[in-house]
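Report on one structure; see the data block that follows.
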Amino acid sequence: MGIKIENLFYTYGKKASNSTLALNDVSFAINDNDFVAIVGETGSGKSTLAQCLNALIIPDKGQVVVDDIVVSYKNRKSKKMRDLRKRVGLVFQFPEYQLFEETVEKDVAFGVKNFGVKNEEALEEAHKALAQVGLDESYYKRPPFELSGGERRKVAIAGILAIKPDIIIFDEPTVGFDPASAKELMGLIVEMHKHGKTIIVITHDMDLVNEYAQKVFMLENGKLAFEGTPSELFLHVQNYDRLDIPKVIKLALALKEKGMDIDINSVRSIDDLIEAINCWRNKHE
Amino acid sequence: MSSMTFGRYSFRDTFVHRLDARNKIFLMILCMVAIFFQFKMWSTALLLSGLYLVALIILMIISRVNILQLFKSLSGMWLFIIILMAIYIFVPNNNYYLPVAFKIASLQVRWDAFCQSGYIILRLIMMISLTMVLTSTTKPMDMTYAFEWFLSPLKLIKPARFVAHEIAMTLSIALRFIPTLLEETERIMKAQSSRGVDFNRGGLFKRFGAVIALIIPLFVSALERSEELANAMIVRGYDPRANRTRYRLLRFSWRDIIAFLLVAIGFAGVIVLFVFDRTGSPLDLIWHLFKVKGF
Ligand SMILES: Nc1ncnc2c1ncn2[C@@H]1O[C@H](COP(=O)(O)OP(=O)(O)OP(=O)(O)O)[C@@H](O)[C@H]1O
Ligand SMILES: [Mg+2]
C-alpha cells in the first residue's frame, strides 16, 4: 500500500538538442495517511515528480507504484492510468486556469462525471466539495471567470476534492494567497489529512513544512538530496543558504546553543517554542 | 507537442538568412504562385514538380533548415491526405487518361484519382516547406517591418495612416505568441487529464467534450494574457500613433539581386509553360507516346 517511487528518470525534450534531465534516479516511499512535503529550489523537478505520480508524465525509466497500479514506460498505454487519476488527485501550481464550465457547480461536478457518476449525484458531490473549501450556495450558479484569483483556486481545488481521491498532491497551493486565506487552505488540507487522506504538498514555504509535514523530501537537480523529518532537514541544511530555515527554528537553535535544552523536533510553531521555554523555566526555577 | 515548434526562427549566418525580409516575402509569394499553377499535362506537371523539389531541397540545404523536422511535422497530415483521396475517388470528373485501378461495386477507380490527389498533396507540402524556410530564416521583427513596408501605401490615405503599423504589430505579436499558446495547450491538457478527461480514447461525443474542456480555458487564458500584454504596453508608454524610429533597418544587397533574378527567371519560365499548357507543347510528346502505345 501507499506510494512507492523506484529509480525514476525523466528527461524533457529527449529529441531536441537542449534536453533537461528533470528526474535523476529518484526513489522513495510514502505511506498511507502520511503528510509529506516536497521541497527543493526552482527547477529541481518537483512538479515533474508530481506529474509522474498522476501518470501525466510517464517516466523514461523506473516506476511509480500506487496500490496495485504501476506507472512505467512499459505500462504507458494501460487503461489503469485513469483509475490512478481517480485515486491520486493533483492540484496544479495555478489550477485556476483549468476552469471552463458556465457555472461553478458544473465545473466542480465535471471531474466527478468523468469518472462515471450520474448528473445529480455529481452535483451533490460538487456542493459538498464547495462547502469544504468554504464557498457557499451563492457561488453555485456564478460563472467561474468572474471570480477572483483566490476564489477560482478554491473552485479548482473543490474540483479535485469532489473526485474523492485517496492521495492528494498540492503543487504550491498557497502561492499568491493572503496569509489568512493561506492558513484557511492549510486548515482544509489538515482536515483532509485527518479524514485519512494521504497529503503531498510541494512548497517553498519552510514555515509551512515545519508546521504541518511529518516527512520532507528535498530534490536537488532532479536527485533526492534529503529525506527525513522537518527538523532533521533544518539541522541538515543549517549552512545552506538556498533554503530558508524558519525563524522559530533559528531561534530555538540559538537558544539551544546558549544552553537551553529544547527538543527541536517538537518545535513546530511559535506556540510550541513558548511552551518549550516555559517548560525549561519550570524545571530550572 | 514540442515538435510543433518547427519553423521557428533559428539564428544561422547563411545566404538566405541575410536576404532582405521584404525581398524574401515577395519572392516566396512568387514561388507560391508558381507552385499553385495546376498543369493539365502530366509531363509538364511531373517535370516542374521535379524541378521545384530539387530547388526546394537546395534552398533548405543552403539555409540549413532542419529537413527531418519538417517531415516529422508533416506526419500529422495523413487525415487530410485520406480526405483528398476520397474526394478524387468518389467525385467523378472528366479528365481521365489512365487505366482503371480497381472497382468498388459499380464505381471505377482510375489511377488518375491517385495521381491528381498526389499532385495536390505534393504541391501543398512544397508550399508548407517554403513557408517554413521563410519563418525559420527571418527574424519575427524583420518580418513585421517587411509587412509594414508592404502596407505602407496605406499611409498615403489620411484616415488609414496608422493602420499599417497596427496591422504589422498585431501580426508580430500573434507570431510571438504561437509557442506560448502551444505550451499553454499542453498545460491545460494535463490539468484536464487529471480531472479524468481522456484525450486519446472514447467516442466522437466524448472527444468533442474533451476538446471543449481544452478550448475554453485556452481562449480565456489567451484573452487574459492579451489584456495583460496590452496593459503592460500602455504602462510602458506604447502609442500606436507615435512616430517611431527604427533600431534596425532593412537593406537590399547584392544577395537580394541574385536571389531576385533567379526566382524571376524561374517564374517567367513557369508562366511561359503555363500559357502553352493547353496547346500541346513539345514536352507533352512523351505523354502522347505513352498514349499511342495503348494504355
Ligand atoms: N514542459 C517542459 N519542457 C521542457 N523542460 C521542462 C518542462 N517543464 C519543466 N522543464 C524543466 O525541467 C526541470 C524541472 O522542472 P520542474 O517544473 O519539475 O521544476 P520545479 O521543481 O517544479 O520548479 P518550481 O519550483 O519553479 O515550480 C527544469 O529544469 C525545467 O526547466
Ligand atoms: Mg513547479
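Residue numbers start from 1 in every chain, and the chains themselves are labelled A, B, ... in the order their sequence lines are given, proteins ahead of strands.
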Legend entry - Backbone N/O of B:Arg195 and side chain of A:Arg85: donor-acceptor pair under 3.5 Å: no
Inset, instruction - Report, as yes or no, whether the 6.0 Å neighbourhood of atom CD on B:Glu166 holds more than 12 heavy atoms from other residues, nucleotides or ligands. - result: yes
Legend entry - Atom pair CD1/CG of B:Ile216 and A:Leu99 - distance to nearest 0.5 Å: 11.5 Å
Legend entry - Atom group of B:Ile212 that falls short of 4.5 Å from chain A, counting heavy atoms: both
Inset, instruction - Evaluate whether atom CG of A:Asn221 has more than 12 neighbouring non-hydrogen atoms of other residues, nucleotides or ligands under 6.0 angstrom away. - result: no
Legend entry - Within 6.0 Å of CZ in B:Phe208, more than 12 heavy atoms from elsewhere: no
Inset, instruction - Please tell me if the side chains of A:Phe100 and B:Val220 come closer than 4.5 Å, counting only heavy atoms from C-beta onward. - result: no
Inset, instruction - Side chain from CB out, backbone as N, CA, C, O: work out which of these in A:Asp83 comes under 4.5 Å of a heavy atom of chain B, or both, or neither. - result: neither
Legend entry - Which portion of A:Lys79 sits near chain B, non-hydrogen atoms under 4.5 angstrom: both
Inset, instruction - Side chain from CB out, backbone as N, CA, C, O: work out which of these in B:Val197 comes under 4.5 Å of a heavy atom of chain A, or both, or neither. - result: both
Legend entry - Least distance between heavy atoms, A:Phe92 atom then B:Ala191 atom: CE1-CA, 3.5 Å
Inset, instruction - Answer with side chain, backbone, both or neither: which region of A:Gln51 has an atom nearer than 4.5 Å to a non-hydrogen atom of chain B? - result: side chain
Legend entry - Steps toward side chain to side chain contact (heavy atoms under 4.5 Å, CB included) verdict (B:Lys190, A:Ile57): CA-CA 9 Å; B:Lys190 277 184 179 167; A:Ile57 286 179; 3.8 Å; yes
Inset, instruction - Provide the closest heavy-atom pair for A:Ile163 versus B:Ser194 in the form atom of the first, atom of the second, distance. - result: CD1-O, 4.3 Å
